[in-house]
Amino acid sequence: MSPRHLLQVIGSVELATLALMLLNIVTVHTPTVSRILGPVHGLAYTLTVLAAALVMRRRHRVWLIALVPGIGGLLAARVAAPEPFATVSDVDL
């Protein structure tokens, strides 16, 4: 699994759990949902920062961006390894 894909997966989980927690607070505010999603979101946030720090060894910018709550993992994945544009020589005709 590439570092970019790893950060995208963990960042997506982090963002999804944050969105679900906020939706729960705004609508019905079920304590059980908060008790489950809170730790899952915290774990996803911690994994995002750790993955960015371990995978991108000397690139401080990547793991500093991963510290942004909610969308940090997705931003770090974008900065980690930008995909090059396809050129005419890359495409089989």
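Along the sequence shown, residues carry numbers from 1.
Cluster annotation: V79 is not connected to L50 through the hydrophobic network of ILVMFWY side chains, with a link wherever side-chain heavy atoms come within less than 4.5 Å. At a threshold of 4.5 Å between side-chain heavy atoms, the hydrophobic network of Ile, Leu, Val, Met, Phe, Trp and Tyr places V49 and V68 in two separate groups.
The heavy-atom pair separating A51 from L7 by the smallest distance is CB-CD2, 4.1 Å. Contact between A44 and V13 at its shortest, heavy atoms only, is CB-CG1, 4.0 Å. Nearest heavy-atom pair across A77 and Q8 is CB-CG, 3.5 Å.
The side-chain contact (heavy atoms from CB on, under 4.5 Å) test with I10 singles out one residue from L15, L47, L74, and that residue is L47.
For the atom pair CG (L75) and CG (L64), the distance works out to 12.5 Å, reported to the nearest 0.5 Å.
Every pair tested for side-chain hydrogen bond (donor to acceptor under 3.5 Å, both in side chains) that includes a residue from residues 67-77 fails, sequence neighbours excluded, so the list is empty. Among residue pairs with one or both ends in residues 18-36, those qualifying as side-chain hydrogen bond (donor to acceptor under 3.5 Å, both in side chains) are N24-S34; sequence neighbours excluded. Residue pairs satisfying the side-chain hydrogen bond (donor to acceptor under 3.5 Å, both in side chains) criterion with at least one member in residues 64-75, sequence neighbours excluded, are absent. Applying the side-chain hydrogen bond (donor to acceptor under 3.5 Å, both in side chains) definition to pairs two or more places apart or across chains, those involving residues 44-54 are E14-T48.
Clustering of Ile, Leu, Val, Met, Phe, Trp and Tyr by side-chain heavy atoms under 4.5 Å joins I25 with none of the others. Cluster note: L18 groups with L20, M21, L22, V33, L37 through ILVMFWY side-chain heavy atoms spaced under 4.5 Å, whether in direct contact or through intervening members.
Under the side chain to side chain contact (heavy atoms under 4.5 Å, CB included) criterion, V55 pairs with P3, L6, sequence neighbours left out. Take H60 and apply the side chain to side chain donor-acceptor pair (under 3.5 Å) test, not counting sequence neighbours, and it matches W63.
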